Amino acid sequence: MSSFAQAGAVQAANDEDTLETQEWLEALAAVLDREGPQRAHYLLERLIDEARRSGAHIPFSPNTAYVNTIPPGLEPAHPGNLELEARIRSYVRWNAMAMVVKANKHNPPDGGDLGGHIASFASLATMIGCGQNHFWHAEDESHGGDLVYFQGHTSPGMYGRAYLEGRLTEDQLNHFRQEVDGKGLSSYPHPKLMPEFWQFPTVSMGLGPLMAIYQARFLKYLHARGIADTSRRKVWVFCGDGEMDEPESLGAIALAAREKLDNLIFVINCNLQRLDGPVRGNGKIIQELEGDFRGSGWNVIKLIWGGYWDPLLAHDKEGILRQIMEDTVDGEYQAYKANDGKFVREHFFGKHPKLLEAVSRMSDEDIWRLNRGGHDPHKVFAAFDAATKHEGQPTVILAKTIKGYGMGHVGQAKNPTHQQKKLELDSIREFRDRFAIPIPDDQLADLPYFKPADDSPEMKYLHERRAALGGYLPHRRAKADEHLKAPALDAFKAVLEPTAEGREISTTQAFVRILNQVLRDKELGPRVVPILADESRTFGMEGLFRQIGIYAPEGQKYTPVDKDQVMYYKEAADGQLLQEGINEAGAMSSWIAAATSYSSNNRIMIPFFIYYSMFGFQRIGDLAWAAGDMQARGFLLGGTAGRTTLNGEGLQHEDGHSHILASTIPNCVSYDPTFGHELAVIIQHGLKRMVEDQENVYYYLTVMNENYPQPGLTQGDEEGIIRGMYKLKSHGKGKNRVQLMGSGTILREVMAAQELLEADWGVASDLWSVTSFTELRRNGLDAERHNMLHPEEKKPQMAYVTEQLAKTEGPIIASTDYMKLFADQIRPFVPKGREYKVLGTDGFGRSDFRSKLREHFEVDRHFVVVAALRALADEGKVPVAKVAEAIKKYGINPNKANPQYA
């Protein structure tokens, strides 16, 4: 009888005809032996299909038995030196532990611990070591390099290994989580803080899995378009089983299967624990995740049991052991590894007398040695090897491990172990003995790091393995080797000139013209990556469908219904536009992959992601922050921006706060331009900074769908547009004068208010187009800080906004389509003694015509006039009665509800 038939001889309690069952199993075994698993799979599928067609109810189950996917007989031989690899792994474990514990032995005057995590890496060390020794290619002449998203809480292990490799010093390890003085190591993977080490930030949890899926897809995209050969590259993603509760972790797994991302490998560290306790105490997280991934079309490899279980499973003729494995819940499995062999004998094997008999000749130590798959280097290698060779599907490896493996009675598999960062001397000694670290007792209290001599077998092996794979990981490229040049400003002549009389366009239309011009650039055009979340027609971009095509790995298998139209829906295997569907988080992940391509692929790409403004930073804010950490370069465009521009959509669609959210990201440069020429100047300058100069910033631009005449660029205004404000127009000759500021479409209301002030009240004014209140504030803060720290300089620095307004007179009124806080940012830099009044759209959005919305939010021309008159009255330049007169004249209800609460 074959090994398969022996395994199949397991009897089910409700089997009415065991002989018939055995005959079927032996027939299947014969097919497997003679014709292989593909033929066996085909026959089984035919049988199931025929049964269903005949009316039999056969429910779908995505689950397989709670055993390893790869049977022992199909495991390849491990190619490495297992003894040396075990030693290296132990040294890395020790250094990681020592680093965290040492950091938390400090007692600073302000108290508090630095924190850190030992347990997560302890559970992953065998898998990390296997990848480092045998699978993960660094970028070299023959290989583009694999991309590895390391589980965030395992960073101490990466530092411990990099110390052995000579890439980090002992002094750096001693400054774990002590970064202010410039020589520390970041708590988690942060490219911003360690720009030549970490590639990807993987916390907040859930972002790593999501971003990695789109990263793998972007590698396929680059290859399909002939920009880079990515055919040999893999994307590896390490995440925790608890992390899979984050919606982002599983949110895009269907896309990975749909697009056949066989360059993608998830390794889910199933140590059964999250921060507070079990992940699924009453269930089985591995079985649950298998169902999720297999049901979504992934190749699933279960890595549950280590090799010491193989003899027991081989002798499990009646299937009792397998059934107990199946019935035991994760809360019990956690308890087994938190105790000892005696406990496991009584509470696991003791569930059935025949199991107790099967282990009767095993000592408690033998039972305790029964290992989990994620800690067995043979099994791990087999799983990794199978994953890298699988074609046509992404692969997930569900690896069962022990949280805090090797941390002894104080840490292993205990509920608090995730936060464990301090160990007493006895626990340190136990850890040392468990992993045979050659450090004597009299040095243990000092927790010295351990590094073998350079000529030791371990060190030679460590360096040889990485040399064979092209270099060390993690490693990050800070700049691309290529040099691209931004187009000159006059390339955008079409939007720099005034519109013809009677012609009106929106800034969204102006953006499309600018984008088309960049696409025509012979050098930059192929590097442009337009990204849309199913809103092409909203933004007038459907013309790109036919022009550059929508990326679809298998091309277009159908004739589109609009084929007879000029702008028909065209999908192509080498399409340039990424159409992500109704999926802002996925589109943002694609944008991040493109925006960091200079680092990941040594190819500068220029992504433009345009989306409903309200569904940008509010919805993908965590990803936008991660983009800042990753030093992304590209353009985000909030379309139909502002609280009152998108007049018919209501509360959930109208954005009055995205610029506030954008301002919190230090390297996000944001603008709210009113005119097409401003947009052209900003985008050209952004291309210069990000593409030509390779500066680590990205841009957020708001564009509107409101049409109006475009005045065109006046030579000399370029600097002001970039710095954040410039004078657009002076009007009137009255003795009283005010300064009017506005941005976005509300600048048009301010322009109208300028006319009313002069016509109705004889007040003169200067009109300022403010392209970025945020950049004005940042400039002001820089000047303020410089002056504070350089008190003896004879000429203090002056904020740009202060410098511009100091040349003027009168109170200053600002009105925008955003919350008052947006324009209020510059209040500290308004010249002293000058009145500054801000109008904004605080409150929930609602549906109505634009004029009614602007009246409701009190940002229209009439409220600008009233605010200006009130400011003049406060300065004693006009009587207060004039303010009341204006309120009456313009039909303003002074008792109307405050829009902030309406």
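Since the structure is predicted, the reported quantities are computational estimates derived from the model, not experimental observations.
Side-chain N or O atoms of R294 include one that pairs as donor or acceptor with a backbone N or O of P62 at under 3.5 Å. At least one donor-acceptor pair closer than 3.5 Å links the side chain of K317 to the backbone N or O of A314. Here the side chain of N68 pairs a donor or acceptor atom with the backbone of W305 at under 3.5 angstrom. Judged by distance alone, with hydrogens and angles left aside, the side-chain atoms of T202 form a donor-acceptor pair with the main-chain N or O of F150 at under 3.5 Å. With hydrogens and angles disregarded, a donor-acceptor distance shorter than 3.5 Å links the side chain of E332 to the backbone of V329. In this structure a side-chain-to-backbone donor-acceptor pair under 3.5 Å is present from Q393 to G297. A donor-acceptor contact shorter than 3.5 Å is absent between the side chain of K351 and the backbone of D327. Under the 3.5 Å distance criterion, the side-chain polar atoms of N271 are left unmatched by any main-chain donor or acceptor of T401. Of the possible donor and acceptor atoms, one in the side chain of S61 sits under 3.5 Å from a partner among the backbone N and O of N63. With hydrogens and angles disregarded, a donor-acceptor distance shorter than 3.5 Å links the side chain of R432 to the backbone of I439.
Relative ring orientation between H347 and F343 is described as parallel, the plane-to-plane angle staying below 30° on a 0-90° scale split at 30° and 60°. In this structure, F384 and F238 have perpendicular ring planes: the angle between them is above 60°, well past the 30° mark.
Applying the salt bridge (charged side-chain N to carboxylate O under 4.0 Å, His left out) test to residues at least two apart or on different chains, the pairs with a partner in residues 146-164 are R161-E165. Listed by first then second residue, pairs satisfying salt bridge (charged side-chain N to carboxylate O under 4.0 Å, His left out) with a partner in residues 352-365 read E318-K354, R345-D364, not counting sequence neighbours. Among residues at least two apart or in separate chains, there is no salt bridge (charged side-chain N to carboxylate O under 4.0 Å, His left out) pair with a member in residues 116-127. Judged as a salt bridge (charged side-chain N to carboxylate O under 4.0 Å, His left out), the pairs with a partner in residues 53-68 (not counting sequence neighbours) are, in order, D49-R53.
Checked by atom type, the side-chain pair Y91/R87 shows no donor-acceptor distance below 3.5 Å.
In the displayed structure, Q38 atom CD is contacted under 6.0 Å by at most 12 heavy atoms of other residues, nucleotides or ligands. Other residues, nucleotides and ligands place no more than 12 heavy atoms under 6.0 Å from the CG atom of N282.
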Original post:
Can M244 and D292 be said to form a side chain to side chain contact (heavy atoms under 4.5 Å, CB included), step by step?
Top reply: CA-CA 10 Å; M244 304 316 287; D292 290 336; over 6 Å; no
Original post:
Could you go step by step and tell me if D310 and K379 meet the salt bridge (charged side-chain N to carboxylate O under 4.0 Å, His left out) rule?
Top reply: CA-CA 11 Å; D310 287 346; K379 305 284 188 184; 2.8 Å; yes
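Partners of W368 by ring pair (Phe, Tyr, Trp, His ring centres under 6.0 Å), not counting sequence neighbours: none found.
Between Y159 and Y163, the distance from one ring center to the other does not fall under 6.0 angstrom. Under the 6.0 Å cut-off for aromatic ring centres, H153 and F121 do not qualify, their centroids lying 6.0 Å or more apart.
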Output a table of donor-acceptor pairs, distance under 3.5 Å, between side-chain atoms of residues 124-138 and any protein atom two or more places apart or on a different chain; print 'none' if there are none.
{"unit_1": "Q132", "atom_1": "NE2", "unit_2": "L473", "atom_2": "O", "d": "3.0"}
{"unit_1": "N133", "atom_1": "ND2", "unit_2": "G129", "atom_2": "O", "d": "3.0"}
{"unit_1": "H134", "atom_1": "NE2", "unit_2": "E85", "atom_2": "OE2", "d": "2.6"}

